[in-house]
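Worksheet for the structure shown next.
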Amino acid sequence: MRFGRSLEVFRLGTVNYFDALKLQEKLVASRKTNRIPDTLLSLQHPPTYTLGKRKTDHNLLIPESDLKQLGAELHYTERGGDITFHGPSQAILYPIISLREAGLGARTYVEKLETTMIALASQYGVKAHPGGKCETGVWVGNGKIGAIGVRISSGITSHGLAFNIDPDLSYFKHIVPCGIKNKEKGVTSLRNETHTDMLLPNDEAVQDQLISCFAKSLGFDSLVFKDEATLLAS
């Protein structure tokens with residue numbers, strides 16, 4: 001891996017999933033032609049269910065027509081992985097980076113995303129671990145705290161990771177999270193895994209910590225925080 005690399009970071013707040021998807025597509029096209037450097041989007045989504053390219057609709061446990069009553073949307077994507085949920089108080093990172101320039105293969109890249117979330121959890125005294133080949137993501141015991149779903153096109157990444165800070169976990173009851181049918185396994189959050197009297201910082205602060213963990217894991221030695229208006233104008 002080459003070191004001495006810089007990463008441009010955009011903190012976008014809450015973004016509709018479709019808008020974020022279109023933005024990623026635009027940035028991937030620009031990264032392929034080197035019009036932009038390696039870029040990281042840090043954001044949250046309103047309540048949203050997403051399916052990967054395998055389109056495993058059977059893992060949505062309620063009729064799609066009922067989602068509106070939950071205040072949630074459903075989106076089909078071309079990322080890897082199965083069905084998952086995104087919502088408020090869940091930290092999401094979408095890296096648009098060149099794996100070729102980083103000297104990384106796809107599997108190693110996924111492992112580094114896992115390392116990113118494990119490092120964040122450890123800052124709060126939470127011992128997390130990777131799920132292994134069949135259960136990609138990050139776990140605390142039998143509870144999944146971080147999900148991963150990536151897309152790689154011509155060596156450029158998109159989609160990424162989602163780390164549960166303190167989302168409404170009841171949304172996960174309406175799906176088979178990530179297609180894992182083992183009833184002994186579920187979904188958890190940083191809030192659930194810390195001491196009840198521990199005061200967590202606000203979501204923005206946790207997301208900045210996640211950004212730092214990502215940069216360290218991927219070997220970026222400088223972060224350049226850019227204004228959202230700059231991104232939208234481009």
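In terms of heavy atoms, P130 sits closest to W139 at C-CD1, 4.2 Å. Taking each heavy atom of L70 and Y171 in turn, the nearest pair found is O-OH, 3.1 Å. The two atoms that bring V140 and A128 nearest to each other are CG2-CB, 4.0 Å, heavy atoms only. The two residues A20 and L43 make their nearest non-hydrogen contact at CB-CD2, 4.5 Å. Shortest non-hydrogen contact noted between F85 and Y49 is CD1-CE2, 3.7 Å. In terms of heavy atoms, A91 sits closest to L210 at CB-CD2, 3.8 Å.
Between D38 and R5 a salt bridge is recorded (basic side-chain N to carboxylate O distance below 4.0 Å). For E101 and R31, the salt-bridge test passes: some basic side-chain N is under 4.0 Å from an acidic carboxylate O.
The CG atom of D66 sits 5.5 Å away from atom CD1 of I62, with the distance rounded to the nearest 0.5 Å. Interatomic distance, SG of C213 versus NZ of K112, reported as 13.0 Å (0.5 Å rounding). Taken from CG in L113 to CZ in F163, the straight-line distance is 13.5 Å, to the nearest 0.5 Å. The CD atom of Q90 sits 11.5 Å away from atom CG of D166, with the distance rounded to the nearest 0.5 Å. Rounded to the nearest 0.5 angstrom, E25 CD and I96 CD1 are separated by 10.0 Å. Atom CG of N164 sits about 10.5 Å away from atom CD of E193, to the nearest 0.5 Å.
For the pair M117/I148, a side-chain contact is recorded, criterion being any heavy-atom separation below 4.5 Å from C-beta on. Contact annotation: the side chain of V224 never approaches that of V9 to less than 4.5 Å [non-hydrogen atoms, C-beta and beyond]. Contact check for L51 versus L74: side-chain heavy atoms found under the 4.5 Å cut-off. Side-chain contact between E111 and R107 is present, with heavy atoms from C-beta onward closer than 4.5 Å. Contact check for H75 versus T48: side-chain heavy atoms found under the 4.5 Å cut-off. Proximity of V206 to L120: side-chain heavy atoms (C-beta onward) are separated by under 4.5 Å at one or more points.
For the side-chain contact (heavy atoms from CB on, under 4.5 Å) test, residues two or more places apart in sequence or in another chain that qualify with A205 are P201, N202. Residues forming a ring-ring contact (aromatic ring centres under 6.0 Å, His included) with H45 (at least two apart in sequence, or on another chain): Y17, H86, Y94. With sequence neighbours excluded, no residue forms a side chain to side chain donor-acceptor pair (under 3.5 Å) with T115. Among residues two or more places apart in sequence or in another chain, the salt bridge (Lys or Arg N to Asp or Glu O under 4.0 Å) test is passed with E204 by none. The side chain to side chain donor-acceptor pair (under 3.5 Å) search around Q24 returns none, not counting sequence neighbours.
In this structure, a donor-acceptor pair under 3.5 Å is absent between the side chains of E114 and Y109. Between the side chains of R191 and S189, no donor-acceptor pair is found at a separation under 3.5 Å. Remark: the Q207 side chain and the S42 side chain contain an N/O donor-acceptor pair separated by less than 3.5 Å. Using modelled atom types, one finds no donor on one side chain facing an acceptor on the other under 3.5 Å when comparing T14 with Q44.
Using modelled atom types, no side-chain atom of D203 and backbone atom of I165 make a donor-acceptor pair closer than 3.5 Å. Proximity of a side-chain donor or acceptor of S217 to a complementary backbone N or O of F214 within less than 3.5 Å is not detected. For T194 (side chain) and L190 (main-chain N/O), a donor-acceptor pair under 3.5 Å exists by modelled atom type.
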Under 3.5 Å donor-acceptor pairs involving side-chain atoms of residues 153-162, not counting sequence neighbours:
unit_1: S153; atom_1: OG; unit_2: K32; atom_2: NZ; d: 2.7
unit_1: T157; atom_1: OG1; unit_2: P95; atom_2: O; d: 2.8
unit_1: T157; atom_1: OG1; unit_2: I97; atom_2: N; d: 3.1

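Follow the hydrophobic side-chain contacts under 4.5 Å out from L27 and you never reach F18; the two are in separate clusters.
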